[in-house]
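Encoded as structure tokens, the structure appears first; notes follow it.
None of the values given here were measured: they were computed from a predicted structure. Residue numbers begin at 1 in each chain, while the letters A, B, ... track the order of the sequences.
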Number of protein chains: 2
Amino acid sequence: MFELDMRSRQPIYEQLVDKLKELIISEVLKPDEQLPSVRTLAGQLTINPNTIQKAYRELETQGYIYSVKGKGSFVNPTSLVKNSEKLVSVIKELKKLLSEAMYLGVKPEELIELIHDLESSVGGGENDD
Amino acid sequence: MFELDMRSRQPIYEQLVDKLKELIISEVLKPDEQLPSVRTLAGQLTINPNTIQKAYRELETQGYIYSVKGKGSFVNPTSLVKNSEKLVSVIKELKKLLSEAMYLGVKPEELIELIHDLESSVGGGENDD
DNA sequence: TCAAGTGTACTAATACTCGTAGTACACTCA
DNA sequence: TGAGTGTACTACGAGTATTAGTACACTTGA
């Protein structure tokens with residue numbers, strides 16, 4: 001499904017969180033779609049189920065998925081992912097990165113073009129109707 | 001100068017890197033301005049000089065500062081910070097965050113407005129002339 | 001009803017990272 | 001030449017990540 005960088009300083013469970021989030025945002029994983037079980041994914045990636053569970057718990061905390069004991073873990077419908085605390089931290093981080101990009105020579109026009117390029121590959125928001 | 005969150009999961013040296021970078025980008029710290037010495041800042045922040053040195057080394061690796069043995073550490077002139085490897089990783093991270101923001105309901109127009117708001121508070125780039 | 005699946009949580013062990021304390025060397029400059 | 005500067009190293013303790021192992025609660029289909 002995806003590959004992990006075992007030598008990265010970034011913890012394995014965080015890499016999982018990042019990759020699954022990308023799949024949800026780009027709607028490769030669709031709302032209410034079931035995720036692989038923690039034991040299945042653990043077997044596929046040759047890592048411990050507890051590590052998968054840790055990633056899934058983080059995604060649930062951030063509102064991206066929901067889990068049902070005995071049934072599995074599923075992608076949250078996008079209207080349920082609205083998470084104002086999360087949004088505040090994303091915006092804060094975005095400001096830093098946008099400033100850094102412009103400092104490094106990227107023109108505002110280029111960033112605006114980037115936004116338009118990404119617009120069509122994102123699910124959720126309010127342009128799904 | 002700034003405050004650190006000793007209880008954060010983010011390592012102290014990384015918090016330093018982030019804050020100093022923000023000061024450089026917003027030109028609170030100006031090109032060729034000297035940074036506090038590692039011993040001075042260590043004293044001010046009540047942390048170990050090796051921790052400061054680690055942050056300064058990271059900033060130097062990323063191209064934001066330069067150091068001279070016996071003289072000190074200085075902000076790199078912005079024309080020297082152009083670092084295409086760094087830029088590539090910033091753009092990659094930006095794409096992820098922009099997608100996430102739109103997924104969470106932020107309209108492209110709002111992001112574009114954010115860019116315009118930030119434009120005036122960034123040094124470097126090519127609008128300094 | 002039960003077996004196979006699911007999520008969830010806990011303990012304990014190991015390895016890694018972070019921050020510290022301490023120390024020492026090379027350089028600059030007034 | 002002394003006081004400042006950066007730089008680098010060892011060793012130690014604390015915290016985190018990952019693992020192995022185990023066990024419990026739930027779901028569902030045969």
Any donor and acceptor pair, going by atom type alone, linking the side chain of [X] with main-chain N or O of [Y] inside 3.5 Å?
| X | Y | answer |
| --- | --- | --- |
| A:Lys30 | A:Glu27 | yes |
| B:Gln34 | B:Lys71 | yes |
| B:Glu100 | A:Lys21 | no |

Expressed as a whole number of angstroms, how long is the span from [X]:[atom1] to [N]:[atom2]?
| X | N | atom1 | atom2 | value |
| --- | --- | --- | --- | --- |
| A:Leu16 | D:dT19 | CG | P | 10 Å |
| B:Asn50 | D:dC12 | CG | C1' | 14 Å |
| A:Lys54 | D:dT18 | NZ | C1' | 9 Å |
| B:Asn48 | D:dA14 | CG | P | 16 Å |
| B:Gln34 | D:dT5 | CD | C1' | 8 Å |
| A:Ile52 | D:dA20 | CD1 | C1' | 15 Å |

Rounded to the nearest 0.5 Å, what separation is found between the [atom1] atom of [X] and the [atom2] atom of [Y]?
| X | Y | atom1 | atom2 | answer |
| --- | --- | --- | --- | --- |
| A:Asn76 | A:Leu59 | CG | CG | 10.5 Å |
| B:Gln10 | B:Gln15 | CD | CD | 5.0 Å |
| A:Ile115 | B:Glu109 | CD1 | CD | 9.5 Å |

Report yes or no: do A:His116 and A:Glu113 form a side-chain donor-acceptor pair below 3.5 Å?
->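 Absent: no donor and acceptor within the cut-off.
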
Check each residue of residues 65-75 of chain B for a non-hydrogen atom within less than 4.0 Å of any atom in DNA chain C, then write out the ones that pass by number, or none.
->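 Heavy-atom cutoff 4.0 Å gives B:Lys69, B:Gly70, B:Lys71.
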
Electrostatic pair B:Arg9-A:Glu14, nearest N-O below 4.0 angstrom |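 So B:Arg9 pairs with A:Glu14 through a salt bridge.
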
How is B:Arg39 classified with respect to the nucleic acid when contacts are heavy atoms under 4.0 Å: base, sugar-phosphate, or nothing?
->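 Result for B:Arg39 = base.
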
Crowding at NZ, B:Lys95 (>12 non-hydrogen neighbours, <6.0 Å) =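 Open: at most 12 neighbouring heavy atoms sit under 6.0 Å from NZ of B:Lys95.
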
Where does the chain A footprint on DNA chain C start and end, counting 5' to 3' with a 4.0 Å heavy-atom cut-off?
->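 With heavy atoms of chain A under 4.0 Å away, the range is C:dG5 to C:dC18.
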
Return no unless some side-chain N or O of B:Arg9 is found under 4.0 Å from OP1 or OP2 of D:dA17.
->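 Yes, because at least one side-chain N or O of B:Arg9 sits under 4.0 Å from OP1 or OP2 of D:dA17.
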
Would you say a side-chain N or O of A:Tyr13 is under 4.0 Å from OP1 or OP2 of D:dT18?
->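 A:Tyr13 to D:dT18 OP1/OP2: no side-chain N or O under 4.0 Å.
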
